[in-house]
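Working notes for the structure below.
If you're wondering where the values come from, they're calculated on a predicted model, not measured in any experiment. Each chain gets a letter, A, B and so on, in the order its sequence line appears, and its residues count up from 1.
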Protein chains: 2
Amino acid sequence: MAANSKFAIAIHTMGVLAYMGERHVSSELIATSVSTNPVVIRRIIRKFVTAGLVSVRMGTGGGATLRRPATEISLFDIHSAIEDDRLFQVPHLASDHECPVGRFVRPVLAKVFGGLEVELKSHLQGISLKDVMDEVASEISAEKCSATKNEE
Amino acid sequence: MAANSKFAIAIHTMGVLAYMGERHVSSELIATSVSTNPVVIRRIIRKFVTAGLVSVRMGTGGGATLRRPATEISLFDIHSAIEDDRLFQVPHLASDHECPVGRFVRPVLAKVFGGLEVELKSHLQGISLKDVMDEVASEISAEKCSATKNEE
DNA sequence: GAGTATGTAACTAATGTTGTTACATACTTA
DNA sequence: TAAGTATGTAACAACATTAGTTACATACTC
């Protein structure tokens, strides 16, 4: 599987929770939808719990559910719950570096990248989990429609 | 060194080229400024050459130079020269997936992430290498200024 | 108490990045 | 033409990250 698919898996996971509404969903079931191992899902869900997005119940009939309606969960909430490090890394260079460029490029880059992340953040904040799932739902119903056609 | 510092190293490299103006700069010298190995720099510069941003000369007095003024090179040019894969990966799932969510989340995500990259791209296009180096230059002169003060 | 579900440690495998050595190739200059 | 300089590139090691897996303790329901 590809490199930084964590975000995709995370949204997919939250999508299943949104789709299932009030019901508690097991990591087993989500793993089937995502095509991965239940432990991978549990690791991600742990982070959602920490971030207050999801609550979890053990035992029979247990599993995870959203703590807020999908309209009140943005992709930014999801992203910041799982992604701890920066999008672009700016390795630290000694501030007594011989080369003047080497001494000062990095702080400037940190500023530039910071701007990028603000941009990214505001974009992600504008998209709710519900928005995503509405699109998914419309694709699902489109499929049903064409399936009906084929049955004719 | 940190994970995805490629972009930072790439801008740093281009920054040194911009700083040195017409002169041809060796990978050796750039590596010193970036604090890495010359081969690492050559690998990155190869990509800039392919992208048409930089030209290179072998032999005595050789090295790399910008092919365009720094005002006409954007951070997007640099980013797309070195970064071949997508910012966020959307692993492919079978389209005959049992779970309806599993079947359709991914294409929707591809669309969402596509939007993100367009956003990112336009932001990066708005920043020229010159913009970055102007900030670096002002930091350098600020340093000189305070150094003079200390000598008093 | 039986059954179910999460929490988590430990390990493997795959991948990607960075760093390094070594050497072939190309070019400049004396 | 020979010496010196710089890139091009292959090959490999070191390291970090991610994903996948097994195993088992813990918590909860009925």
Original post:
If each of I45(B) and M58(A) is mapped to the nucleotide of DNA chain D with the nearest heavy atom, which maps nearer the 5' terminus, i.e. the 5' end?
Top reply: I45(B)
Original post:
OP1 or OP2 of dT18(C) sitting under 4.0 Å from any side-chain N/O of K6(B)?
Top reply: no
Subject >> Phosphate OP1/OP2 of dG3(C) contacted by T60(A) side-chain N/O (<4.0 Å) >> reply: no
Original post:
Is there a donor and acceptor pair, one atom on the side chain of T36(B) and one on the base of dG19(C), closer than 3.5 Å?
Top reply: no
Subject >> Any donor-acceptor N/O pair under 3.5 Å between dG7(C) base and R46(A) side chain >> reply: no
Report the distance from atom [atom1] of [X] to atom [atom2] of [N], rounded to the nearest whole Å.
| X | N | atom1 | atom2 | value |
| --- | --- | --- | --- | --- |
| I44(B) | dT9(D) | CD1 | P | 15 Å |
| E83(B) | dG16(C) | CD | P | 12 Å |
| I30(A) | dT4(C) | CD1 | P | 18 Å |
| I41(B) | dA6(D) | CD1 | C1' | 15 Å |
| E28(A) | dT22(D) | CD | C1' | 14 Å |
| R43(B) | dG8(D) | CZ | P | 13 Å |
| H24(B) | dT5(D) | NE2 | C1' | 14 Å |
| K47(B) | dG8(D) | NZ | P | 14 Å |

Looking only at the side chain of [X] (C-beta and beyond, no hydrogens), which of the listed nucleotides [options] gets closest?
| X | options | answer |
| --- | --- | --- |
| S26(A) | dT22(D), dT6(C), dG19(C) | dT6(C) |
| V39(A) | dA9(C), dT7(D), dT29(D) | dA9(C) |
| N37(A) | dG20(D), dA10(D), dG19(C) | dG20(D) |
| R42(A) | dG7(C), dG19(C), dT7(D) | dG7(C) |
| S5(A) | dT7(D), dT22(D), dA19(D) | dA19(D) |

**OP:** Check every strand shown and say whether V56(A) touches a base, only sugar-phosphate, or nothing at a heavy-atom separation below 4.0 Å.
**Re:** sugar-phosphate
**OP:** Scan V49(B) against the nucleic acid and name what it touches under 4.0 Å (heavy atoms): base, sugar-phosphate only, or nothing.
**Re:** nothing
Original post:
side chain to side chain contact (heavy atoms under 4.5 Å, CB included) between L120(B) and E119(A): does it pass, once the steps are laid out?
Top reply: CA-CA 8 Å; L120(B) 181 77; E119(A) 193 106 346; over 6 Å; no
Original post:
With a cut-off of 6.0 Å (strictly less than), are more than 12 heavy atoms of other residues, nucleotides or ligands near CD of E28(A)?
Top reply: no
Original post:
Does Q125(A) CD have over 12 foreign heavy atoms under 6.0 Å away?
Top reply: yes
Original post:
If you round to the nearest 0.5 Å, how far is NZ of K6(A) from CD1 of I82(A)?
Top reply: 6.0 Å
Subject >> CE on M20(B) to CD1 on I30(B), rounded to 0.5 Å >> reply: 8.5 Å
Original post:
Closest nucleotide of DNA chain C for G61(B) versus for A64(A): which of these residues is on the 5' side?
Top reply: A64(A)
**OP:** Fit a plane to each ring of F7(B) and F113(A), take the angle between them on a 0 to 90° scale, and name the class: parallel (under 30°), tilted (30 to 60°) or perpendicular (over 60°).
**Re:** parallel
